[in-house]
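Single-structure report; data block below.
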Protein chains: 2
Amino acid sequence: MENPLKSRFETDEILAAQAYLAAEPPADIDPRIERLVNDLIGRIADKWTLLVLELLEEKGTQRFTQIARQVDGISQKMLTQTLRQMERDGLATRTVHPVVPPHVDYALTPLGNSLSAAFCGVWIWAEKHLDTVEQARHRFDTRA
Amino acid sequence: MENPLKSRFETDEILAAQAYLAAEPPADIDPRIERLVNDLIGRIADKWTLLVLELLEEKGTQRFTQIARQVDGISQKMLTQTLRQMERDGLATRTVHPVVPPHVDYALTPLGNSLSAAFCGVWIWAEKHLDTVEQARHRFDTRA
DNA sequence: CAGCATCCAGACAGATACTG
DNA sequence: CAGTATCTGTCTGGATGCTG
């Protein structure tokens with residue numbers, strides 16, 4: 001990865017987070033909150049939402065077919081579903097222009113932008129440790 | 001949430017990430033990398049992995065049944081599966097003590113710790129915006 | 001205790017056809 | 001163009017019963 005994200009965040013975010021975690025004593029989190037948060041993460045962290053989020057963040061406002069073309073492998077059904085959920089969760093806006101043929105624009109809300117930002121850390125982690133994980137898997141598979 | 005995570009990261013991580021994203025011009029990411037990263041995220045970001053990761057990070061080394069008791073709602077099948085995947089991905093270690101009855105310990109590897117750290121941003125986001133999302137959903141549902 | 005094997009209902013996701 | 005509707009196979013995950 002020649003991506004500048006890495007160097008930028010390696011010192012800021014990840015190290016800060018690690019320092020935080022190292023300092024944090026084992027403390028129970030309210031299980032109700034935990035359940036809700038986990039549920040929320042489950043919905044936003046699926047395959048397609050992540051990619052669409054990323055795309056809208058990078059490219060800004062996009063039409064339905066523009067997104068469909070750029071998100072590789074997504075079916076129109078899943079795209080519709082994903083966009084609806086993102087709209088429902090307040091992550092994206094859907095703007096219908098009453099013309100023929102129809103023209104619908106999608107864009108991230110500030111909430112969507114902040115989520116995209118929050119996922120940076122994971123994105124960077126995945127890029128950084130991709131090879132390590134692949135190797136670990138290979139070792140595990142050949143050993144067993 | 002009275003969790004200190006919030007105030008800690010609000011200034012560091014999220015704002016830095018937002019600043020970065022705001023400054024970043026629309027640049028294409030290698031789709032192959034994107035696919036791999038997304039695939040990886042898909043595997044690590046599932047419901048149970050996240051909770052087990054969190055638990056092991058907080059509590060350190062734990063036995064099978066200890067984890068089962070604390071991760072609310074997980075079946076033994078899913079726990080086994082989750083732990084195996086985490087082991088395969090190099091996120092956790094599995095230590096079998098050859099005694100009767102069996103005693104198996106699980107603990108995070110440094111890689112697992114770093115992933116847990118990377119997810120901090122998302123975790124914080126979810127805690128912070130839980131209510132906002134709930135409200136957005138309610139608006140969406142009552143409107144439609 | 002820590003698990004594996006099996007069965008089964010339900011969710012998920014692709015393909016296809018149709019519409020304002 | 002941007003969907004909706006439907007049908008269908010696949011995959012997931014829970015419940016149950018059995019072992020070293």
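Owing to the predicted nature of the structure, the values given are computational and were not obtained by experimental measurement. Labels below follow one simple rule: chain letters A, B, ... track the order of the sequence lines, proteins then strands, and each chain is numbered from 1.
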Output the rounded distance in Å from [atom1] ([X]) to [atom2] ([N]).
{"X": "Gln85(B)", "N": "dC11(D)", "atom1": "CD", "atom2": "C1'", "result": "14 Å"}
{"X": "Gln76(A)", "N": "dT4(D)", "atom1": "CD", "atom2": "C1'", "result": "9 Å"}
{"X": "Ile74(A)", "N": "dG14(C)", "atom1": "CD1", "atom2": "P", "result": "8 Å"}
{"X": "Leu83(B)", "N": "dC1(C)", "atom1": "CG", "atom2": "P", "result": "16 Å"}
{"X": "Leu79(A)", "N": "dC12(C)", "atom1": "CG", "atom2": "P", "result": "17 Å"}
{"X": "His97(A)", "N": "dA2(D)", "atom1": "NE2", "atom2": "C1'", "result": "13 Å"}
{"X": "Arg84(A)", "N": "dA13(C)", "atom1": "CZ", "atom2": "P", "result": "17 Å"}
{"X": "Met78(A)", "N": "dA13(C)", "atom1": "CE", "atom2": "P", "result": "5 Å"}

So Pro102(A), base contact, sugar-phosphate only, or nothing? Heavy-atom distance under 4.0 Å. base
Under 3.5 Å: donor-acceptor pair, side chain of Thr65(A), backbone of Ala68(A): no
Whether the side chain of Gln70(B) engages the backbone of Gln66(B) through a donor-acceptor N/O pair (distance < 3.5 Å, no angle test) should be reported. yes
If you take atom types as modelled and just measure distance, does the side chain of Gln81(B) reach the base of dT12(D) with a donor-acceptor pair under 3.5 Å? no
Between [N] and [X], is there an OP1 or OP2 to side-chain N/O distance shorter than 4.0 Å?
{"X": "Arg69(A)", "N": "dA2(D)", "value": "no"}
{"X": "Arg63(A)", "N": "dA2(D)", "value": "yes"}
{"X": "Tyr106(A)", "N": "dG3(D)", "value": "yes"}
{"X": "Arg94(A)", "N": "dA2(D)", "value": "no"}

Does one hydrophobic cluster hold both Leu130(A) and Trp123(A), with members joined at side-chain heavy-atom distances below 4.5 Å? yes
Looking at Arg63(A) and Asp105(A), is any side-chain nitrogen of the basic one under 4.0 Å from a carboxylate oxygen of the acidic one? no
With DNA chain C as reference, determine whether Pro101(A) or Gly73(A) sits nearer its 5' end, using the nearest nucleotide of each. Gly73(A)
Output the single nucleotide from dT4(D), dC7(C), dA13(C) whose closest atom is nearest the side chain of Lys77(B). dC7(C)
Plane angle bin for His97(B) and His103(B) - parallel if under 30°, tilted between 30 and 60°, otherwise perpendicular: perpendicular
